[in-house]
Amino acid sequence: MTHTLSKDNLAELFKAVKNEPMALGMITKCMDSFGQYHKAIFEMETWLKLYNYDNMSREDYQDKMKELDNRRTTCHNSVLDSVNILNRIAAKYSIPIIYEGEVSREQPYRREVANAVLAYVEGIILERR
């Protein structure tokens, strides 16, 4: 089963906290983590297309790959934490949860949450003003 982030529940949450600076700040940080994860993936995948052992030393290549992969993993973990936080804030305001699937650092759940977040980011971009 494919799980998604509920745009409707997020919209309800945004309305519910519009006059709550602390909640707004926390939600903003959570939403920012989605963009940071997207950026980390893009940077890593673009770098892989540009560089290889032909244009840099094996050691430099491996060091950079490790750095990019660690950044992506850190951002992914932040996304998992953010989805859990959004679900808790939604529950506090009696709003249905934002993501109904299991949120875990274990596979396959880790990838499922990431896919839902990336689909949400893509939707935001496609529906931009």
Side-chain angles (χ1 to χ4, degrees):
M1 175 178 208
T2 301
H3 296 283
T4 61
L5 293 181
S6 171
K7 290 181 189 180
D8 294 338
N9 295 354
L10 272 169
E12 277 188 59
L13 182 59
F14 296 160
K15 286 178 195 171
V17 301
K18 69 181 178 186
N19 295 316
E20 304 280 341
M22 295 280 288
L24 280 171
M26 183 60 68
I27 291 169
T28 298
K29 286 181 182 180
C30 290
M31 301 307 289
D32 286 348
S33 76
F34 296 0
Q36 291 167 7
Y37 178 53
H38 184 273
K39 181 180 179 188
I41 293 169
F42 183 79
E43 286 177 348
M44 183 174 169
E45 294 302 321
T46 301
W47 189 86
L48 284 169
K49 291 176 184 353
L50 295 170
Y51 295 95
N52 55 44
Y53 296 139
D54 292 336
N55 53 19
M56 66 189 327
S57 73
R58 180 181 201 88
E59 183 178 298
D60 287 344
Y61 180 87
Q62 290 174 341
D63 288 347
K64 184 64 174 183
M65 261 309 294
K66 184 176 181 179
E67 174 192 329
L68 291 168
D69 189 48
N70 286 341
R71 184 179 316 148
R72 182 193 50 78
T73 299
T74 298
C75 289
H76 192 159
N77 290 340
S78 179
V79 160
L80 296 171
D81 293 341
S82 292
V83 170
N84 277 326
I85 290 167
L86 289 171
N87 280 342
R88 285 196 301 272
I89 295 171
K92 178 181 176 185
Y93 287 89
S94 301
I95 295 167
I97 61 176
I98 306 306
Y99 180 80
E100 290 187 1
E102 184 166 340
V103 181
S104 170
R105 293 189 179 192
E106 303 299 320
Q107 292 293 359
Y109 311 110
R110 178 180 187 81
R111 174 69 65 123
E112 291 171 356
V113 174
N115 289 344
V117 165
L118 293 172
Y120 177 79
V121 170
E122 181 180 5
I124 293 292
I125 292 167
L126 291 173
E127 296 167 3
R128 70 187 179 276
R129 296 177 202 196

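Computed from heavy atoms alone, side chains included, the values below leave out hydrogens, waters and symmetry copies. Computed from a predicted model, the values in this text were never measured in an experiment.
- Under the 3.5 Å distance criterion, the side-chain polar atoms of Asn87 are left unmatched by any main-chain donor or acceptor of Ile97.
- For the pair Leu48/Tyr61, a side-chain contact is recorded, criterion being any heavy-atom separation below 4.5 Å from C-beta on.
- Note that the CD1 atom of Ile27 and the NZ atom of Lys18 stand 13.5 Å from one another [nearest 0.5 Å].
- The heavy-atom pair separating His76 from Ala114 by the smallest distance is NE2-CB, 3.5 Å.
- Taking CD of Glu67 as the start and CZ of Arg71 as the end, the distance is 5.0 Å to the nearest 0.5 Å.
- Contact of the Tyr120 side chain with the Thr4 side chain is not registered, since no non-hydrogen atoms from C-beta on lie closer than 4.5 Å.
- A distance-only check finds no donor-acceptor pair linking the side chain of Asn115 to the backbone of Thr2 [under 3.5 Å].
- Contact check on Asp81 versus Arg105 returns a salt bridge, with a Lys/Arg side-chain nitrogen under 4.0 Å from an Asp/Glu carboxylate oxygen.
- A donor-acceptor pair under 3.5 Å is formed between the side chain of Asn55 and the backbone N or O of Asn52.
- With rounding to the nearest 0.5 angstrom, the CD atom of Glu43 is 8.5 Å from the SG atom of Cys75.
- With rounding to the nearest 0.5 angstrom, the OG1 atom of Thr73 is 11.5 Å from the NZ atom of Lys66.
- When side chains are defined from C-beta on, Val17 counts as touching Tyr93, because their heavy atoms get closer than 4.5 Å.
- Judged by distance alone, the side chain of Ser78 and the main-chain N or O of Thr74 form no donor-acceptor pair under 3.5 Å.
- A heavy-atom distance below 4.5 Å is not found between the side chains of Tyr51 and Lys64.
- The side-chain heavy atoms of Lys39 and Phe42, taken from C-beta on, include no pair separated by under 4.5 Å.
- Residues passing the side-chain contact (heavy atoms from CB on, under 4.5 Å) test with Asp60 are Met56, Ser57, sequence neighbours excluded.
- The distance from the CD1 atom of Ile85 to the OG atom of Ser33 is 8.0 Å, given to the nearest 0.5 Å.
- Put simply, the side chain of Arg128 gets close to the backbone of Ile125: a donor and an acceptor are under 3.5 Å apart.
- Ion pairing of Lys92 with Glu20 is absent here, as no side-chain N (NZ or NE/NH1/NH2) approaches a carboxylate O to less than 4.0 Å.
- Salt bridge Asp69/Arg72: present, at least one basic N to carboxylate O contact under 4.0 Å.
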For Asn9 and Tyr99: C-alpha separation, side-chain torsions, deciding distance, then whether side-chain contact (heavy atoms from CB on, under 4.5 Å) applies.
CA-CA 9 Å; Asn9 295 354; Tyr99 180 80; over 6 Å; no

